[in-house]
Every structure is written in structure tokens, then in C-alpha cells.
Amino acid sequence: MKKALKNIWNWVDDRGGLSELVKPLTTHLVPPESKWNYVWGSATLSCLIIQVVTGIALAFLYQPSADVAYQSLQYIENQAFLGSFIRGLHNWGASGMVLLMGMHMIRVYLFAAYKYPREMSWITGVVLMALTIVMAFTGQLLRWDDNGVWSSVVAAEQMGRIPLIGDSIAHFLMGGENINGETLNRFFSLHVFVIPALLFSFVAYHLFLVFRNGISEPPKVGRYLNPKTYRNWYENMLKEKGVPFFPNAIWRDAVFSALVLIVLVFIAWFVGAPELVGAPDLTNVKVDPKPDWYFTWIFAIFALMPRDIGSYVIMLGPVLTITVLLAVPFLSKGGERSPLKRPWAIGAVAFLIITICGLWYIGDVEPWHPKFDAEPLSEYTTVPEAKPSVQRGINVFNTAGCLYCHKINDQGGIRGPNLTNVQNRLTKEQIIIRIVNGAENMPAYGGSLSKEELEDVVDFLLKDKKGSNPNN
Ligand code: HEC
């Protein structure tokens, strides 16, 4: 028996060359000081593997077609064996991957590991970052609820604002002028075929580069990197004190990845995936989609920007970001690698983190986001003896959500214009038209308010206007 197994192995290894493939990977030497700071990349990879496994499981049951997608999600969530858990794991795995990828990039940047001879690792890393973001972005829409769908659509429409090619891109992504069943198909194909294929290829090349150029040694203050002598020096350093990757280095990767997996399983089990809140209404644009957390800060930038500047930022922002990132290894090829001697590098990372957290905060509160906890208007204080329709109008204003976006006196949100004195700006007809038809960032109320409610709320908004004073 033992002999037979050995024979089989010998045959497989002789013809297939497995040990030739694996042995150099496990035995290659790594700098002994590369320790816990070096686990972020492998943990990102572990998340990717979780995503692949859970993603395949979900794809078995998910139906990428507009009329049944939501039912198939309900089936996964409520009936399929472990469905809810796997959905949760896929959801949180995505968050984990984005977060760990960010940590990995920050570590590589702070340690200047992108310098000679590892420029290509950095460049493929930037490509991997972009691909990961596209994965997260296309995955959102597959969730097929209001938030996921409209976040993706808003972003696709933002791309439509890129001059010249924007329309074609948006048209291609959405499979038409607007979101429709075809959009789901497009996003599904991108999410499960196109982007993963690219992602795997680049991951493979990225790993090959790590293997070929070696893991960077932790920087030391005063040790300069000289591209002319570096490879030689690195080689000798490894010969002198390098340790084999297996088992001396890989155990840390394994321990940390296991920890990440445990945390993700825990969250997936106890918190679960986002609740299924109903299939999106494709005919009624949701005004305030809330994208997944890793995108809210980008939305906040768009929301804070005046529309006309916005178009340029949308066009230039990603191009500029990618260009700057790609340029990083070319700006300084050698020299000092220690972050302690590169205070501007620490500054840049701190600035980035503070900016993103700040935008997160803004994205979460105002003015982009309606103020859902606004104190309801109780009564219109300046006209205490207002006629009944005005009083009823106040109620409509509270209950129909106008208050979330509009201020009256000092109460309410600031997403839309302050309506305290709207009667001086607009005529009754204009106000009615606006309420019935909505606007760029205001829902159309034509279908949801009754005729009486509409009259009441308009009466309330006109309150003091000369000639239509409700008291006359
Ligand atoms: C989700 C946020 C939101 C909600 C909810 C909302 N609005 Fe608006 N509203 C806006 C925005 C944004 C504008 C500005 C649109 C523009 O001009 O581009 C606006 C404009 C208006 C205007 C025109 C104001 C002016 O000065 O031009 C009126 C009147 C108005 N809304 C009334 C209402 C009423 C009444 C309700 C409730 C039935 C309501 N809105 C609900 C966001 C909202």
C-alpha cells in the first residue's frame, strides 16, 4: 500500500513537477526581521480566498435577472443551508479585504518597500487595488436592494459626466440609458467573470514578484538603499542570516489569517449580512442611497462639491489618484527607507486617514444626508391662529419627510433649500410643480401625496404671503 502510494506520487511528481513548483516557494530565504508587519498582504489574500469560496456558493443560487434576483436572495437568506451565514461572510469578507488591503498599502508605503527593485510589486498592487474597488462596487448592485442599486447607479451616472467618453461608459455599464434588467446582467458578468479573471492574474504576478525580488527587509535608520549594489547586498544578507519562508515566516501569516477568519466568521454569524429590505423600485430613483462604508466618503466628496466643479473632479480624481500612486516608486528610487527619516510619508498617511475619516463623518451627517432625526415642527409659531389647513400642512411637512431635507426657521435638515421664506421666492404654482415633480435631489411627491395633503402643505409654505395670508 505504502509502496503503491509512493509509486503514484513518484509518477505524478516526475511527470507533473509538483515538488519543483512548491519546493522553491517553501525553502526560499526571507529576512529574519520581517515579522508581524508583513502579514497584511497574506491576510488580504486570505480574504480574497474567502470571497471566492463564498462567492461561488452564492452564485450557485443567485439569479442575475431583475425579476427574480430578489427572490433568489430571499431563498439564500431564509431557506438555503447556511445561506444567511455565507451571505454574511461574503459581505464582511469584502469589508475585511478592503481594510486589510489598505493596511497592506500603508505598511508598504511607510516602509518604502516600493523602492528598487520592487517597483513592479507596487505597480501591480495599485492595479489590484483598483480591481478590488471595482469588485466591491459591482457587488453592491447584486445585493439588489435600494441602497446597493442606487449607489451603483449614482456612481455610474457620475462616470457619465466624464466629457467625451462618459456617456459611452455609463451606457456600457448600465446596458442602456438607465438602470434596467440588463444592468444587473452586466454587473453580474463583471463581478463573477471579468474582474476575477483579471484579479487572479494580477495576484499571481504580484506573488511571483514577491518571490523573485524577495521580501523587503525592514528599514533601518541610516541604511541607504543603493540600486547599484542592492541586489548583491540583499543576496549576501540572506546567505548570512536569511530564514526559510516555511516554516520560519509563514506561521505568522497563518496565525494572522486564521485570526481574520475567526473574526469574520464571528461577525457573519452574529451580525449577518445587510437585511433584505425589498427589491428596488427601478422607476423611482431613490434620493439617498447609502453606499457601503468604503464608498461613503467618496460620495461625500461628490455631495460637497458644486455640480460644475464636480464633473472635473469625477473625471480627474481617479486619474490623478492612480497616476500619483503609480508615480510613487519613480519619485525616489533609493536612499533612506525608514519612515522615521521620511516624516512627509507619515504626514501623507496621516493626512489621508484624517481626510477619509472626516469625509466619512460628513457623509454620515450633513448636508448630503437627510436629517432623519429632525425634531418635528409642532406648530407654526408666528401665526398661532393659522387656519386649519396650515396646521394640517405642518403635519404633512413632518410626516412626508420634507423636514428631513428642508429647514423651517431653525428646525429640519439642510439637504434642500431653507423653506422659511419660500413664499417670497416662488409662486404657489412653482411650489406645487416642485413638490409634484421633485428635483435633482428631491423625490417627486406627485404620486404619494393626496390632493388635500398637497394643498395643505402648500398653504403652510405660503403662510405669510401677502394676498394669500391664511388668516384672511
Ligand atoms: C431628500 C430630500 C428632500 C425631501 C425629502 C424634500 N425635498 Fe424639497 N427640495 C430638496 C432639494 C435638494 C431641493 C432643491 C432642488 C433644486 O432646486 O435643485 C428642493 C426644493 C424644494 C422646493 C423649492 C425651493 C426653492 O427655494 O427653490 C420646495 C418648495 C420644496 N422642495 C418643497 C418640499 C416639500 C413640500 C417636501 C415634502 C413633501 C419636500 N420638499 C421634500 C430636497 C428634498
Side-chain angles (χ1 to χ4, degrees), residues 146-147 149-151 153-154 157-158 161 277 280-281 283-291 296 299-311 362-380 383 386-465 467-470:
D146 273 334
N147 274 331
V149 168
W150 291 115
S151 304
V153 170
V154 168
E157 279 173 355
Q158 307 280 14
R161 280 154 65 182
V277 289
D281 178 357
T283 56
N284 186 8
V285 177
K286 188 170 191 262
V287 176
D288 264 290
K290 195 155 171 52
T296 44
F299 266 52
I301 299 179
F302 293 155
L304 287 175
M305 246 164 349
R307 257 191 84 76
D308 29 349
I309 303 179
S311 299
I362 293 167
D364 215 43
V365 282
E366 15 191 26
W368 158 67
H369 201 266
K371 191 172 175 190
F372 288 122
D373 53 357
E375 183 92 3
L377 301 175
S378 46
E379 60 186 53
Y380 188 51
V383 190
K387 66 178 187 181
S389 69
V390 171
Q391 281 307 339
R392 290 196 304 269
I394 292 177
N395 278 339
V396 176
F397 199 82
N398 286 333
T399 51
C402 319
L403 187 68
Y404 298 151
C405 296
H406 292 290
K407 257 198 163 109
I408 297 276
N409 296 329
D410 275 333
Q411 265 165 273
I414 55 174
R415 174 90 206 250
N418 187 320
L419 295 183
T420 313
N421 294 313
V422 66
Q423 72 275 13
N424 303 333
R425 285 199 298 275
L426 301 178
T427 65
K428 185 170 181 178
E429 285 67 39
Q430 286 172 318
I431 293 181
I432 292 177
I433 289 174
R434 176 49 41 92
I435 298 174
V436 170
N437 295 328
E440 174 114 29
N441 285 311
M442 168 164 159
Y445 280 91
S448 55
L449 288 183
S450 71
K451 195 158 174 292
E452 292 75 38
E453 285 172 326
L454 181 63
E455 273 168 14
D456 291 345
V457 79
V458 172
D459 268 357
F460 162 58
L461 291 175
L462 287 172
K463 56 236 174 225
D464 291 334
K465 188 163 186 183
S468 63
N469 189 324

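Just follow the structure's listing: the first ligand is 1, and inside any ligand the first atom is 1.
- Of the options Gln423, Arg425, Met442, the smallest heavy-atom separation from atom 39 (C) of ligand 1 is shown by Met442.
- Each of the following atoms of ligand 1 lies closer than 4.0 Å to a heavy atom of Leu419: 24 (C), 28 (C), 30 (C), 32 (C).
- The contact set between ligand 1 and Cys405, taken as ligand atoms under 4.0 Å from a residue heavy atom, comprises 1 (C), 2 (C), 3 (C), 4 (C), 5 (C), 42 (C), 43 (C).
- The distance from the CD1 atom of Ile408 to the CG atom of Asn418 is 7.0 Å, given to the nearest 0.5 Å.
- Using a 4.0 Å cut-off to heavy atoms of Ile435, the atoms of ligand 1 that qualify are 32 (C), 35 (C).
- Looking only at distances, no side-chain donor or acceptor of Tyr445 sits under 3.5 Å from a matching main-chain atom of Arg434.
- Atom 8 (Fe) of ligand 1 lies at 2.8 Å or more from every N, O or S atom belonging to Cys402.
- The distance from the CD atom of Glu452 to the OG atom of Ser389 is 12.0 Å, given to the nearest 0.5 Å.
- Contacts with ligand 1 closer than 4.0 Å are made by side-chain heavy atoms of Leu426 only, the backbone lying farther away.
- Using cut-offs of 30° and 60° on the angle between ring planes, the pair His406 and Phe397 is tilted.
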Inset, instruction - Decide side-chain contact (heavy atoms from CB on, under 4.5 Å) for Val458 and Lys428; before the verdict, give the C-alpha distance in whole Å, the side-chain angles of both, and the deciding distance to 0.1 Å. - result: CA-CA 7 Å; Val458 172; Lys428 185 170 181 178; 3.8 Å; yes

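- Atom CE of Met442 is separated from atom CG of Asn437 by 9.0 Å, given to the nearest 0.5 angstrom.
- Every N/O-N/O distance between Tyr445 and ligand 1 stays at or above 3.5 Å.
- Ligand-side atoms of ligand 1 in range of Gly416: 10 (C), 11 (C), 12 (C), range being under 4.0 angstrom from any heavy atom.
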